[in-house]
K.L.:
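Before I ask anything, let me first share the structure, which is written out below as structure tokens.
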Amino acid sequence: IIALATLDFREGRFAKALETYKIARQVMDDQPMLTFYIALCHYQLNDYDKALELVDEIIHGTEGSLSSESFLVEALNLKAAILHTTKQHDDAKTTLSHFDENLDTVTIHNDVVLNIEEDPSIGMQKLEFLLSNQPFPPETLSNLLTLYTSHGQHNLAAETFETNKHLAQELLPPDVYDYFCAVVMSLASPEEAISMLEAQTAQCAPKLRSGKKEISDQAINAAASVRPDSSRPATMARPTTAAERKGHRALDVATKEYEGILDRY
């Protein structure tokens with residue numbers, strides 16, 4: 001069961017993976033590993049509140065154990081990622097402060113992401129170190145290339161991309177891979193690079209329109225799920241129904257997906 005869920009997760013079928021992991025947790029012992037994978041699915045589905053609830057469950061249930069079975073390291077890293085994604089940057093840094101020494105590669109990577117504004121050069125050095133010492137988090141290459149380009153180091157970005165092109169094809173999403181191909185091309189032929197980037201932005205336009213429509217549709221559905229209670233005075237608070245919560249979650253997911261497309265644009 002776990003193997004099937006893992007395959008779905010790797011193929012990006014996060015909702016299906018989530019349901020399979022839940023089944024596994026029902027038929028097996030309630031292991032921290034399964035709780036973590038379920039939290040990771042919720043994170044990928046932009047359900048950050050549920051993901052945070054589950055990682056806190058792992059953290060509070062491990063009694064500080066850093067054994068591989070406890071999944072505490074993984075839970076703390078995922079919590080930091082959730083807090084960073086939801087713009088709670090100080091809390092994210094505090095979460096990673098639990099690690100004083102013997103940092104694993106994921107924690108080193110996440111520490112760079114959280115502290116990149118303070119010293120980009122140190123961040124570059126750490127990511128370069130990770131990239132030269134496999135295994136490393138799959139986001140390492142993308143974040144290093146992004147860091148280079150955002151700080152005007154286009155030659156370094158091009159050199160790193162070309163040197164690790166086999167990894168880039170494997171690890172980078174197609175749109176990110178195409179973007180860095182354009183970055184490399186910009187050094188030899190700026191006009192061709194501009195054409196490549198224009199083609200990419202043109203591909204984003206219909207996705208943005210579709211995303212806006214999805215937000216509008218989900219907003220309508222969320223509003224329709226609210227049923228007035230005529231027996232309750234207007235001044236009294238009314239508990240939300242399951243349908244309302246589902247509608248608001250769907251709207252939140254649609255909004256976050258649109259924001260992701262907009263960021264890529």
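In this text the structure is predicted, and so the values were computed from the model without any measurement. What you see below is based on every heavy atom in this structure, not just the backbone, and it leaves out hydrogens, waters and symmetry mates.
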K.L.:
Between Glu53 and Asp56, is there a side-chain heavy-atom distance shorter than 4.5 Å?
P.N.:
no
K.L.:
Using modelled atom types only, decide if a donor and an acceptor are shared between the side chain of Thr163 and the backbone of Thr160 within a distance under 3.5 Å.
P.N.:
no
K.L.:
Return the CG to CD distance between Leu171 and Glu139, rounded to the nearest 0.5 Å.
P.N.:
9.0 Å
K.L.:
Please lay out, stage by stage, how Lys126 and Leu130 fare under the test side-chain contact (heavy atoms from CB on, under 4.5 Å).
P.N.:
CA-CA 6 Å; Lys126 289 182 178 180; Leu130 290 178; 5.7 Å; no
K.L.:
Going by the angle between their ring planes, with limits at 30° and 60°, are Tyr37 and Phe71 parallel, tilted or perpendicular?
P.N.:
perpendicular
K.L.:
Against Asp91, only a single residue in His89, Lys93, Gln88 fulfils side-chain contact (heavy atoms from CB on, under 4.5 Å); can you say which?
P.N.:
Gln88
K.L.:
Does NZ in Lys16 sit with more than 12 non-hydrogen atoms of other residues, nucleotides or ligands closer than 6.0 Å?
P.N.:
no
K.L.:
When rounded to the nearest 0.5 angstrom, what is the spacing between CG in Asn77 and CG in Asp111?
P.N.:
10.0 Å
K.L.:
What pair of heavy atoms forms the shortest contact from Gly123 to Leu147, and how long is it?
P.N.:
C-CD2, 4.0 Å
K.L.:
Test Phe136 against every option in Val106, Leu167, Ile108, Leu144 by the side-chain contact (heavy atoms from CB on, under 4.5 Å) rule and name the one that passes.
P.N.:
Leu167
K.L.:
Starting at NE2 of His109, measure out to CG of Leu131 and round the result to the nearest 0.5 Å.
P.N.:
10.5 Å
K.L.:
Indicate if Leu145 and Ile122 have the same hydrophobic cluster label, given that clusters are the connected sets of ILVMFWY residues with side-chain heavy-atom separations under 4.5 angstrom.
P.N.:
no
K.L.:
Check the pair Ile2, Met28 against side-chain contact (heavy atoms from CB on, under 4.5 Å), reporting the backbone distance first and the verdict last.
P.N.:
CA-CA 10 Å; Ile2 295 176; Met28 301 171 64; 3.8 Å; yes
K.L.:
Just how far is it from atom CG of Asn46 to atom CD1 of Ile82, taken to the nearest 0.5 Å?
P.N.:
11.0 Å
K.L.:
Quick check: closest heavy atoms across Ser142 and Leu172, and the distance to 0.1 Å?
P.N.:
CB-CD2, 3.5 Å
K.L.:
On a heavy-atom basis, which atom in Ile59 and which in Ala75 lie closest, and how many Å separate them?
P.N.:
CG1-CB, 4.0 Å
K.L.:
Decide side-chain contact (heavy atoms from CB on, under 4.5 Å) for Arg25 and Tyr21; before the verdict, give the C-alpha distance in whole Å, the side-chain angles of both, and the deciding distance to 0.1 Å.
P.N.:
CA-CA 6 Å; Arg25 191 164 65 164; Tyr21 279 130; over 6 Å; no
K.L.:
Keeping Thr85 on the side-chain end and Ala81 on the backbone end, is there a donor-acceptor pair under 3.5 Å?
P.N.:
yes
K.L.:
CG/Asn110 to NE2/His84 distance, rounded to the nearest 0.5 angstrom?
P.N.:
9.0 Å
K.L.:
I'd like to know if Phe129 and Phe161 are part of one continuous hydrophobic network [Ile/Leu/Val/Met/Phe/Trp/Tyr, side-chain heavy atoms within less than 4.5 Å].
P.N.:
yes
K.L.:
Could you check whether any side-chain heavy atom of Leu18 comes within less than 4.5 Å of a side-chain heavy atom of His42, counting everything from C-beta outward?
P.N.:
yes
K.L.:
Can you tell me if Thr140 uses its side chain to pair, donor with acceptor, with the backbone of Pro137 under 3.5 Å?
P.N.:
yes
K.L.:
Rounded at 0.5 Å granularity, tell me how far NZ in Lys165 sits from SG in Cys181.
P.N.:
5.0 Å
K.L.:
State yes or no: do Met33 and Val27 share one hydrophobic cluster built from I, L, V, M, F, W and Y residues joined by side-chain heavy-atom distances below 4.5 Å, directly or via other members?
P.N.:
yes
K.L.:
Looking at Ala182 and Ala193, what are the two nearest heavy atoms and their distance?
P.N.:
O-CB, 3.4 Å
K.L.:
For a quick check under 3.5 Å, do Tyr177 and Asp175 share a side-chain donor-acceptor pair by atom type?
P.N.:
no
K.L.:
With under 30° as parallel and over 60° as perpendicular, where do the rings of Tyr43 and Tyr48 fit, or are they tilted in between?
P.N.:
tilted
K.L.:
Which heavy atom of Thr149 sits nearest to which heavy atom of Val183, and what is that distance?
P.N.:
CG2-CG1, 3.9 Å
K.L.:
Under 4.5 Å between side-chain heavy atoms, counting indirect links through other Ile/Leu/Val/Met/Phe/Trp/Tyr residues: same cluster for Ile1 and Phe14 or not?
P.N.:
yes
K.L.:
Are Leu40 and Val113 co-members of a hydrophobic cluster defined by side-chain heavy atoms under 4.5 Å apart?
P.N.:
no
K.L.:
Assess whether side-chain contact (heavy atoms from CB on, under 4.5 Å) is satisfied between Phe180 and Thr146, documenting all intermediate values.
P.N.:
CA-CA 9 Å; Phe180 286 115; Thr146 301; 3.7 Å; yes
K.L.:
Over all heavy atoms of both residues, which pair between Val55 and Leu78 is shortest? Give the atoms and the distance, please.
P.N.:
CG1-CD2, 3.6 Å
K.L.:
Are any side-chain N or O atoms of Thr94 and backbone N or O atoms of Asp90, one a donor and one an acceptor, separated by less than 3.5 Å?
P.N.:
yes
K.L.:
Do the non-hydrogen side-chain atoms of Glu159 and Tyr148 ever get within less than 4.5 Å of each other?
P.N.:
no
